[in-house]
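Before any comments, here is the structure.
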Number of protein chains: 2
Amino acid sequence: MYPDPMALAQVRDVATHAGVSPATVSNALNHPEKVSETTRRRVQAAIDELGYVRNDAARQLRQRHNTAVGMIVLDVANPFFADVVRGAEDSLGVHRRPVLVGNSGQDAERELAHLRLFEEQRVSGLLISPVGDVLDRLREISGRGTPVVLVDRHHGDDDFPSVAVDDELGGRMAAEHLLDQGRRRLTMIGGPTSIRQVAQRRAGAQAAVDAVAGATLTTIDTGAMDVESGRTGARRLLAEDAAARPDAIFAANDLVALGALQELVRAGVRVPEDVALIGYDDIEFAASATVPISSVRQPALEMGERAAALLVAAVDDPDAPPEHPRFTPTLVARESTLGG
Amino acid sequence: MYPDPMALAQVRDVATHAGVSPATVSNALNHPEKVSETTRRRVQAAIDELGYVRNDAARQLRQRHNTAVGMIVLDVANPFFADVVRGAEDSLGVHRRPVLVGNSGQDAERELAHLRLFEEQRVSGLLISPVGDVLDRLREISGRGTPVVLVDRHHGDDDFPSVAVDDELGGRMAAEHLLDQGRRRLTMIGGPTSIRQVAQRRAGAQAAVDAVAGATLTTIDTGAMDVESGRTGARRLLAEDAAARPDAIFAANDLVALGALQELVRAGVRVPEDVALIGYDDIEFAASATVPISSVRQPALEMGERAAALLVAAVDDPDAPPEHPRFTPTLVARESTLGG
DNA sequence: CTGAAAGCGCTTACAG
DNA sequence: CTGAAAGCGCTTACAG
């Protein structure tokens, strides 16, 4: 079906060219200390001359070991996850492990496809921030020998290590901050609520609201968590009766907050005077928005680094008890919630 | 060195379990039309029961063909490239080709490492926006049979297809817009200038400035193109004598523009009254900045889609003459350059 | 429609 | 330090 790649040089060609055996070529490449200086140089010269490029599939098949690590994230276009990935890459780079990144885009099917692909590739480990209901699937994969580390998520009964931030606490911090500013009619924008992060942040906010008499929390489920969803959510909110309108918005993440802000500004609604606005993640762009956006900060880089470290530990010792480090979110108050 | 993965089920186990031969298992999986309905179901049942997961390395070795495509981008954390990747993924997904993304992070060494890894993996093609001086390297790779498509770059004498935007035109548009607003002392912030995009945008801006008597263009080379570089660049600019200060900034991309804006606002410099500011790429966050930032828009999604299409075409017919579609940038004027 | 045999391109014991 | 032989787990002609 596809054109045959032209005849590439193989170990045996290199061997012939250098006047040694294939085994020696392989040793020169993989165990240089086993080969004499002279031979090594002759082999290298032959490699350069022939433009030999090792076939990784054959190598992996024989070695029964793939150094690469697979990473599946909710949304690569979200700067928060971009930073988590960067943290993992930095950490794994030290161990000379390439990171293959798969983007689920909050789509459960794409998530499954990536899981399958990575397992077929026999990656040495898997880092994942799950969208769908894949815990059973992950248990199977892990049971077959591929270590799994959960990123940005933790179940009490998890069989695998995880790195998480206390989302319930974060949600509570966001809501308490809004309440402290005198706001009482809160709305949360984001979704889908089936995503654990969203549900937990909402639960935390609900707890804070319940503790204050007369305070309320409603929800606008946008089904996604990008800038466009923020715009949609804000539009739905603006369609409501102005009198009943909330006086504070808790956006499930900063992308949503940015979209909501755009729409509010366009509609002439003043932030924070008419509506206070707080986001989540504290991505770089929150601070430089039209109105600088308050946010609940998560340590993205550190989370990625730590997750990678847990994975390397699990690869080295599959029987070690799983750790579940938990990071604490911090509130970053800016103009969008202050001085309203 | 690493713990042996436990004995996973293999085709022969599935075959035994289903009471057929390994060849039939393989056919059931890869050429279902060659296998009877009953047999196919028995095989599938055995697969499910044993939790068989195909070994991709063995498959690839035998098939001599990898469907995956490798993509190397300058900076995954830049929303512009995130969109280019998304465009490529959308387009390649239709052809059922997974995209493996490698991030060079504007680092020539990481770029080479990814090139080597992808070629060893025998990816069916390579999409790359090059950082370093890798054209010779790419010619070798392409000569060995891996089709290469250049993204966001075009050399007149390229042996491979490419997708590009006219950066010189974009640079000229940015500068002309600033000049039209009555600005005369322009500064470009970005870098390194060794990156072709930066050099060409600058050349275009220079041409525009040269056409206007009394207009000048200076450069602040920041060595990188992220938000932090924008801050650094603006700080260096603010350290200059206020009288000699430029009245307009052309940031090499929007991340740099956002960083510069942050620093200017902090220093109490008014945008656009004291200094006009224009960026490049028109990422989503430019429009929602403290002061909405003017920008030169590049069609990121379309570029990714088109590049992927060219790659698929090159895979299907390696001897087709390379195409070099070129997109036209468009100016998006916002508050940061208007009404100063 | 099904199966026996060969082979993809490496690396790994093992013997020398 | 070097090489002959075996084998990693699949898929592909080919024969039946």
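Predicted model, so just to flag it, every value in this text is computed and none were measured. All chains are named by letter (A, B, ...) in the order of the sequence lines, taking the proteins before the strands, and each is independently numbered beginning at 1.
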Report task. Would you give the length of the straight line joining atom CZ of A:Arg42 to atom OG1 of A:Thr24, rounded to the nearest 0.5 angstrom? Result -> 9.5 Å

Requested in this report: Pull out every stem in DNA chain D, meaning runs of 3 or more consecutive Watson-Crick or G-U wobble pairs with both distances under 3.5 Å.
Outcome: C:1-3 with D:14-16, C:5-12 with D:5-12, C:14-16 with D:1-3

Requested in this report: Report yes or no: do A:Arg122 and A:Thr146 form a side-chain donor-acceptor pair below 3.5 Å?
Outcome: no

Report summary line: Against the side chain of A:Leu61, the closest entry in D:dC8, D:dT11, C:dC10 is D:dC8

**Report entry** Ionic contact status for B:Arg110 with A:Glu89, cut-off 4.0 Å
**Finding:** yes

Report summary line: A:Leu29 atom CG is separated from C:dG9 atom C1', nearest whole Å, by 13 Å

Query raised in the report: Taking only N and O in the side chain of A:Gln63, is any of them less than 4.0 Å away from OP1 or OP2 of D:dC8?
Result: no

Query raised in the report: Under 4.0 Å: is that the gap between some side-chain N or O of A:Asn30 and OP1 or OP2 of C:dT11?
Result: yes

Query raised in the report: Is any side-chain N or O of B:Arg64 closer than 4.0 Å to OP1 or OP2 of C:dG9?
Result: yes

Query raised in the report: Using 4.0 Å as the upper bound for N to carboxylate O, is an ion pair formed by B:Arg116 and B:Glu119?
Result: no

Requested in this report: Establish, with yes or no, whether the OP1 or OP2 oxygen of C:dG9 is under 4.0 angstrom from a side-chain nitrogen or oxygen of A:Gln10.
Outcome: yes

Please list every donor-acceptor pair under 3.5 Å in which a side-chain atom of residues 68-85 of chain A meets a protein atom from a residue at least two apart or in another chain.
unit_1, atom_1, unit_2, atom_2, d
A:Asp75, OD1, A:Ala77, N, 3.0
A:Asn78, OD1, A:Phe80, N, 2.8
A:Asp83, OD1, A:Arg86, NH2, 3.1

Query raised in the report: In whole angstrom, what separates B:Asn66's CG from C:dC8's P?
Result: 19 Å

Report task. Give one of base, sugar-phosphate or nothing for A:Arg12, where a contact means two heavy atoms less than 4.0 Å apart. Result -> nothing

Report task. Would you kindly give the CD-to-C1' distance between B:Gln60 and D:dT11, to the nearest whole Å? Result -> 13 Å

Requested in this report: Say whether A:Thr67 and A:Arg96, considering side chains only, have a donor N or O and an acceptor N or O under 3.5 Å apart.
Outcome: no

**Report entry** Any side-chain donor near an acceptor of the partner, B:Asn30 and B:Arg54, under 3.5 Å
**Finding:** yes

**Report entry** Proximity to the side chain of A:His31 - top-ranked nucleotide from C:dT12, D:dT11, D:dC10
**Finding:** C:dT12

Query - Option passing side chain to side chain contact (heavy atoms under 4.5 Å, CB included) with A:Val134 (candidates A:Glu111, A:Glu140, A:Arg139) - result: A:Glu111

**Report entry** Touch class at under 4.0 angstrom, heavy-atom based, for A:Asp56 against every strand present
**Finding:** nothing

Query raised in the report: Are A:Glu37 and A:Arg40 close enough for a salt bridge, meaning some N to O gap below 4.0 Å?
Result: yes

Requested in this report: For A:Arg54 and C:dT12, give me the distance from atom CZ to atom C1', rounded to whole Å.
Outcome: 15 Å

Query raised in the report: Once you round it to whole Å, what is the distance between C1' of C:dG9 and CG of B:Asn55?
Result: 14 Å

Query raised in the report: Are B:Glu323 and B:Arg306 within salt-bridge range, i.e. N to O under 4.0 Å?
Result: yes

Query raised in the report: Can you check the A:Arg122 CZ to D:dC8 C1' distance for me, whole Å?
Result: 12 Å

Output a table of nitrogen or oxygen pairs between the protein and nucleotides 1-5 of chain D separated by less than 3.5 Å.
unit_1, atom_1, unit_2, atom_2, d
D:dT2, OP1, A:Ser36, OG, 3.4
D:dT2, OP1, A:Thr39, OG1, 2.4
D:dT2, OP2, A:Ser36, N, 3.2
D:dT2, OP2, A:Thr39, OG1, 3.2
D:dG3, OP2, A:Ser21, N, 2.9
D:dG3, OP2, A:Ser21, OG, 3.3
D:dG3, OP2, A:Thr24, OG1, 2.8

**Report entry** N/O (side chain, B:Arg62) to phosphate O (OP1/OP2, C:dG7) under 4.0 Å
**Finding:** no

